[in-house]
Colleague: 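Input: one structure, supplied below.
The figures that follow rest on heavy atoms only: side chains count, while hydrogens, waters and symmetry mates do not.
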Amino acid sequence: MSLVLRFSAKVVACMLVAGGLGEASAAEPMSFEGVWRNPRDNVHLELRPCGTYLCGYVVWASEAAKKSARRVSKTELVGKQLMRDFSQGDGRVGYGRVFVPDLGMTFSGTAERLDAHTIKAKGCVVGNLICKSQLWTRIDIPPG
């Protein structure tokens, strides 16, 4: 698999952007806080406030995901900050930086809240010419 295609898949796989605490009205921005799982359910990420931004930390990973991260970036995956400087943009789309442990590199990424239980994560390379998107599912239960 080419480095570009591998990058696209890995960026989206690591963009476990967290979702909001319940539904928001059209005028109220959706929060990106919470715990989400990737489509393969091999990494769980919690997004929480850090200063004026949100940061994402791995709270669980499968043995295969941990092994892959150690092989390339020589780092432990659980507890690792994968997302930083994530802002909410227009309230439904978030923008920030994503560290991809399988490549040992940091890239820009976006995430769009589709509803209270789903986020569409997108990673692109080569000036947004090659992009990959995946849907992430909320795994924590919002209050009330």
Side-chain angles (χ1 to χ4, degrees), residues 1-26 28-125 128 130-144:
M1 177 183 296
S2 77
L3 179 59
V4 169
L5 292 178
R6 197 171 118 218
F7 159 77
S8 294
K10 302 262 185 206
V11 164
V12 173
C14 289
M15 288 182 64
L16 300 173
V17 182
L21 302 173
E23 293 291 340
S25 70
E28 177 186 348
M30 290 182 163
S31 171
F32 278 82
E33 295 177 39
V35 179
W36 296 76
R37 69 173 177 86
N38 66 344
R40 295 178 63 193
D41 196 19
N42 62 0
V43 177
H44 297 175
L45 186 84
E46 179 182 13
L47 215 65
R48 58 184 184 248
C50 64
T52 59
Y53 297 103
L54 294 175
C55 297
Y57 296 88
V58 177
V59 294
W60 178 86
S62 69
E63 289 305 315
K66 290 188 244 183
K67 182 179 177 183
S68 180
R70 280 192 301 268
R71 184 177 60 246
V72 174
S73 62
K74 311 294 187 243
T75 187
E76 290 302 318
L77 192 53
V78 175
K80 182 75 176 170
Q81 181 180 10
L82 297 186
M83 299 180 68
R84 70 175 137 266
D85 301 334
F86 232 78
S87 64
Q88 257 187 246
D90 68 4
R92 291 190 70 87
V93 179
Y95 305 90
R97 308 279 299 155
V98 179
F99 175 70
V100 182
D102 292 353
L103 297 175
M105 301 172 78
T106 301
F107 301 95
S108 295
T110 64
E112 179 183 2
R113 285 291 311 274
L114 301 180
D115 59 39
H117 305 289
T118 312
I119 288 178
K120 180 180 177 182
K122 182 177 178 183
C124 297
V125 295
N128 291 333
I130 300 173
C131 300
K132 176 135 174 101
S133 297
Q134 290 184 339
L135 299 180
W136 296 85
T137 305
R138 187 179 182 98
I139 59 173
D140 62 344
I141 306 297

Colleague: Pick out which of V59, I139, L82 makes a side-chain contact (heavy atoms from CB on, under 4.5 Å) with L45.
Modeller: L82
Colleague: Please answer whether the main-chain N or O of A65 pairs with a side-chain N or O of N42 as donor and acceptor at a distance below 3.5 Å.
Modeller: no
Colleague: Quick one: OG on S62 to CZ on R40, what's the gap to the nearest 0.5 Å?
Modeller: 7.5 Å
Colleague: For a quick test of reading the model, state the closest non-hydrogen atom pair linking A111 to F86 and the distance between them.
Modeller: CB-CE2, 4.3 Å
Colleague: Show me the pairs that pass salt bridge (charged side-chain N to carboxylate O under 4.0 Å, His left out) and involve residues 73-87, at least two apart or across chains.
Modeller: R70-E76
Colleague: I need the minimum non-hydrogen distance between L77 and A61, along with the two atoms involved.
Modeller: CD2-CB, 3.6 Å
Colleague: I need the full list of disulfide (SG to SG under 2.5 Å) pairs touching residues 54-83, with sequence neighbours left out, sorted by first then second residue.
Modeller: C50-C55
Colleague: Heavy atoms only: give me the nearest F99-S73 pair and the separation to one decimal.
Modeller: CZ-CB, 4.0 Å
Colleague: Check whether any side-chain heavy atom of F107 sits under 4.5 Å from a side-chain heavy atom of V98, and report yes or no.
Modeller: no
Colleague: Under the rule for side-chain hydrogen bond (donor to acceptor under 3.5 Å, both in side chains), what residues qualify as partners of T118, not counting sequence neighbours?
Modeller: D115
Colleague: Between R97 and S108, which heavy-atom pair has the shortest distance, and what is it?
Modeller: NH1-OG, 3.2 Å
Colleague: Quick one: pull up CZ in R37 and CG in D140 and give me the separation to the nearest 0.5 Å.
Modeller: 12.5 Å
Colleague: Tell me, please, which residues at least two apart from K66 pass side-chain hydrogen bond (donor to acceptor under 3.5 Å, both in side chains).
Modeller: E63
